[in-house]
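See structure below.
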Amino acid sequence: MRIDLHAHSSVSDGTDSPSELMRAAADARLDVVALADHDTTAGWQEATDAADGLGLVCVPAIEISTIWQGADVHLLAYWPDAGDEDLQRMLAAIRAGRRTRVPHMLAGLATHGVVISEADVRAAAGDAASLGRPHVADALVAAGVVATRQEAFDVWLGDGMPGHAPKPAPPLDVAIRTVRAAGGVGVLAHPWGRGSRRVLDAAALAELAGRGLSGVEVDHVDHSEDDRRALRALADASGLVVTGGSDYHGTGKAGLALGAFTTDEACYDALRSLAGGPL
Ligand code: AMP
Ligand code: ZN
Ligand code: FE
Ligand code: FE
């Protein structure tokens, strides 16, 4: 079984629609793919319908923006109930924060003579439910300021750069609890990727396991071979399930093919058996 537990669609900052993503997953010979858009479940229905027709399993997931000890930490949530009111309230608040930060990002760009309007960003975002920095990047590409999304991040939008504004988000432990209460499981996304490495050490992983975290995404493009070995050992020590995923964004992020990183079947089964279980 080929299982990729981390992919994005155009419902957030990927470029394939949910059904195009499922078609691409089938073409990549995946058996299971998780649709994990940022802070929204809006793509789930289309994706699961498309997957059914392709003989593919779509795991309904969310990549939730959270804060832990002052750092941005992403939490992958698998199989939570989309009808859970606390979960949807939390996600709606994050999406509202994503919208209100856009003018701050544009003001930061304007101080450097780069003038982009909110309408430009909205046009770049299309009908995405969750607005993100990549859409501002697309607006910069459309305006001819940069050639690619990646250049936009490298020059203007990366953490701490003029076009980056912080995003209000719930504390990580609150997000984990909310996902568990909605019958889902929480897995730390790329814990040693950009930003979050500083705050997610061995002690933090053990503490989070005690607070209801179920797993850690180990096999991810942001992690070196050494990182993966070390993270795997920490996960084992804390009883956390190890996962892997491509973090596919369509043409939005070059070089991340569906299935480039995968999750072991036994780990997938272990996660699934934790979902819906006792808190
Ligand atoms: P946001 O959640 O709106 O702050 O946007 C974060 C998203 O932008 C991530 O999920 C990545 O897809 C992308 N991203 C963040 N930092 C970078 C970077 N330095 N280079 C390329 N893409 C990035
Ligand atoms: Zn993204
Ligand atoms: Fe992420
Ligand atoms: Fe992601």
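The structure presented is a predicted model; accordingly, all values stated were derived computationally and were not measured. Whatever order the structure lists ligands and atoms in, that order sets their numbers, starting from 1. Residue numbers count from 1 along this sequence.
For the residue pair Ala175 and Thr66, the shortest heavy atom distance occurs at CB-CG2, 3.6 Å. Closest approach of Ser12 to His38, counting heavy atoms only: OG-N, 3.2 Å.
Within 6.0 Å of CG in Asp236 there are more than 12 heavy atoms belonging to other residues, nucleotides or ligands.
Residue pairs that meet the side chain to side chain donor-acceptor pair (under 3.5 Å) test with at least one member in residues 21-33, sequence neighbours left out, do not exist here.
With waters left out, the protein N, O or S atoms under 2.8 Å from the Fe ion (ligand 3) add up to 3.
Taking CG of Asp120 as the start and CG of Asp138 as the end, the distance is 12.0 Å to the nearest 0.5 Å.
A salt bridge links Arg98 with Asp39: the distance from a Lys NZ or Arg NE/NH1/NH2 to an Asp or Glu carboxylate oxygen falls below 4.0 Å.
Listed by chain and residue number, nothing satisfies the ring pair (Phe, Tyr, Trp, His ring centres under 6.0 Å) test with His135 (two or more places apart in sequence, or in another chain).
In this structure a side-chain-to-backbone donor-acceptor pair under 3.5 Å is present from Ser9 to Val11.
Gln45 and Asp49 share a side-chain donor-acceptor pair at under 3.5 Å.
Near ligand 1, heavy-atom contacts under 4.0 Å come from Asp13, His38, Arg98, Arg101, Gly132, Arg133, Pro134, Gln150, Phe153, Lys167, Arg194, His249, Lys253.
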